[in-house]
2 protein chains.
Amino acid sequence: MDKQVLFLKFFDFITSVHQTTHAFTKGAKLEDVTPVQYKMLEYVAVSQPVTLSSIGDCIHMSLPNTSREIKKLMQKGLCEKVADADDRRKQLIRLSEKGQQLMNGIFGHMLSQLEGRIGTLSDEKLKEIEQALDLLHDQVFRT
Amino acid sequence: MDKQVLFLKFFDFITSVHQTTHAFTKGAKLEDVTPVQYKMLEYVAVSQPVTLSSIGDCIHMSLPNTSREIKKLMQKGLCEKVADADDRRKQLIRLSEKGQQLMNGIFGHMLSQLEGRIGTLSDEKLKEIEQALDLLHDQVFRT
DNA sequence: TTTTATAGTTATCATATGATAATTATTTAG
DNA sequence: CTAAATAATTATCATATGATAACTATAAAA
């Protein structure tokens, strides 16, 4: 097994995943949300409610900057903040109704994009794809 | 086959690919190169020589901004520019010796990171991984 | 209880990035 | 040949992002 060849294949693969991701979110209406703010929304959507600190950890941003960007998202009416009852230093962030609708729209858009790519495949093929996702996730892209 | 479940798996997969990519290039010394400039270098490295326009197309940047950033990369001594003999409007960009060495170092770093993840796997497992890469590349992440 | 650590805020600065208009040089189309 | 169209440059502006210092409030440790 030529590791060099496999590496090139990885590199190519990673590039195409990035491009596909870009194509997926492209076209979804993100009116007033910057790239970093979108990453935050994505993380909050999946993990809510979350503390400011964990958002910062996840997207590699300092607490002051995280605080600033969350503040902007709240001003846009996309996020809400609740003080943690157990530890009142902590602020729990979750999507507002409007933010939830925004993310639902985006996930729906991504879903239809994906549907366009794999919609016509047989169940058997889909099983193969699922297994391939699992394999690479576990063996290579584990975090 | 539940498409909803598959979608969640995709979403998770894409996230972990992004995180892994981040971890891969992290630690590689990129002294004086901004993220956008790094993307340019990466593209030039695999496709050189390339025109300014094609760089801009690839990384979704306007020609004026592409021109500005390439200029910076040339000032850092990482790129070189040659006028195309056939069409003298075109400027062909390629890595300088120094730029080539930089990218060699980074690719080497990524290779060793990858090695750390798959180095102990059997040849059989590696074959499976290769097939999984091919499958997903062709069926899902084709561009 | 005093000290120390944690979670977050606010303010400020520097730099990176994105958008656009105006210009030059060259090539291609009519 | 003249009139587009293409490739790139330069200049300028606005905004996004990253870094840091100083601060408040709360919780945990001594």
Side-chain angles (χ1 to χ4, degrees), chain A residues 18 21-22 25-44 47-76 78-94, chain B residues 18 21-22 25-44 47-76 78-94:
Chain A
H18 280 93
T21 309
H22 190 265
T25 48
K26 197 94 181 184
K29 52 186 162 62
L30 274 177
E31 311 163 20
D32 206 25
V33 178
T34 71
V36 167
Q37 285 166 10
Y38 173 72
K39 279 201 289 181
M40 301 176 84
L41 288 176
E42 207 171 68
Y43 175 64
V44 173
S47 309
Q48 59 186 328
V50 286
T51 63
L52 272 177
S53 301
S54 68
I55 298 174
D57 283 349
C58 177
I59 68 175
H60 309 286
M61 188 157 58
S62 71
L63 204 42
N65 292 334
T66 307
S67 175
R68 178 187 61 201
E69 296 306 317
I70 283 292
K71 192 175 169 189
K72 289 179 190 168
L73 286 172
M74 289 194 304
Q75 283 164 355
K76 298 177 209 282
L78 298 172
C79 282
E80 291 169 352
K81 191 190 286 182
V82 193
D84 188 321
D86 298 326
D87 185 340
R88 285 187 307 176
R89 289 171 303 181
K90 292 183 180 171
Q91 303 291 325
L92 293 176
I93 309 295
R94 60 179 184 194
Chain B
H18 280 93
T21 308
H22 190 264
T25 48
K26 198 93 180 182
K29 50 185 166 60
L30 275 177
E31 310 163 22
D32 204 25
V33 178
T34 71
V36 168
Q37 285 165 11
Y38 174 72
K39 281 202 288 181
M40 300 176 85
L41 286 177
E42 207 171 68
Y43 176 64
V44 173
S47 309
Q48 60 187 326
V50 286
T51 63
L52 271 178
S53 301
S54 69
I55 298 174
D57 283 349
C58 179
I59 66 175
H60 309 285
M61 188 160 58
S62 71
L63 205 43
N65 292 336
T66 306
S67 176
R68 177 188 60 202
E69 297 306 318
I70 283 291
K71 192 175 169 187
K72 290 179 189 166
L73 287 173
M74 289 195 302
Q75 282 163 356
K76 297 177 210 281
L78 298 172
C79 282
E80 292 169 351
K81 191 189 287 181
V82 193
D84 187 322
D86 297 327
D87 185 340
R88 284 186 307 174
R89 289 169 305 180
K90 294 182 180 172
Q91 302 292 325
L92 294 175
I93 309 294
R94 60 178 184 192

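In the text below, chain A, chain B and the rest are named by the order of the sequence lines, each starting its count at 1.
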- Terminal helix-axis angle for the helix from C/dT1-D/dA30 to C/dG30-D/dC1, with five pairs defining each axis and rounding to 10 degrees: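 Terminal axis comparison yields 30°.
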- Please list all pairs passing the salt bridge (Lys or Arg N to Asp or Glu O under 4.0 Å) test where one or both residues lie in residues 30-39 of chain B, with sequence neighbours left out. B/D32-B/K76
- Query: Quick one: salt bridge (Lys or Arg N to Asp or Glu O under 4.0 Å) pairs with a partner in residues 57-72 of chain A, sequence neighbours left out?
  - Reply: A/E69-A/K72
- So how far is it from A/R89 CZ to A/L52 CG, rounded to the nearest 0.5 Å?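 One finds 13.5 Å between CZ of A/R89 and CG of A/L52.
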- If you round to the nearest 0.5 Å, how far is CD1 of B/I59 from CD of B/Q37?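 Spacing of CD (B/Q37) from CD1 (B/I59) equals 9.5 Å.
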- Note on the structure: Given protein heavy atoms under 4.0 Å, the one-letter contact record of nucleotides 2-9 of chain D, with B base, S sugar-phosphate only and - none, is simply ---BBSBB
- DNA chain C contacts among residues 32-43 of chain B, heavy-atom distance under 4.0 Å: B/T34, B/P35, B/V36
- Going by heavy atoms in the side chains, are A/I93 and A/Q48 under 4.5 Å from each other?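 The answer is no, as the side chains (C-beta and beyond) never meet within the 4.5 Å cut-off.
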- Query: Less than 4.5 Å apart, any side-chain heavy atom of B/C79 and any of B/L41?
  - Reply: yes
- For B/T51 and B/Q91, what are the C-alpha separation, side-chain angles and deciding distance, and is it a side-chain contact (heavy atoms from CB on, under 4.5 Å)? CA-CA 6 Å; B/T51 63; B/Q91 302 292 325; over 6 Å; no
- Message: Give me the atom names and distance for the closest heavy-atom approach of A/Y43 to A/I55.
- Response: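 Residues A/Y43 and A/I55, closest heavy atoms: CE2-CA, 3.7 Å.
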- Message: Minimum heavy-atom separation for A/L92 and A/P49, please, with both atom names.
- Response: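 Result for this residue pair: CB-CB, 4.2 Å.
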- Query: According to the interplanar angle, ranging from 0 to 90°, do the rings of B/H18 and A/H18 count as parallel (below 30°), tilted (30 to 60°) or perpendicular (above 60°)?
  - Reply: perpendicular
For [X] and [N], what is the distance between atoms [atom1] and [atom2] respectively, to the nearest whole Å?
{"X": "B/I59", "N": "C/dA16", "atom1": "CD1", "atom2": "C1'", "result": "13 Å"}
{"X": "A/K72", "N": "C/dA11", "atom1": "NZ", "atom2": "C1'", "result": "13 Å"}
{"X": "B/E69", "N": "C/dA19", "atom1": "CD", "atom2": "C1'", "result": "14 Å"}
{"X": "A/H60", "N": "D/dA19", "atom1": "NE2", "atom2": "P", "result": "12 Å"}
{"X": "A/M61", "N": "D/dT17", "atom1": "CE", "atom2": "C1'", "result": "9 Å"}

- For A/E80, enumerate each residue passing the side chain to side chain contact (heavy atoms under 4.5 Å, CB included) test, keeping only those at least two apart in sequence or located in another chain. A/R94, A/S96
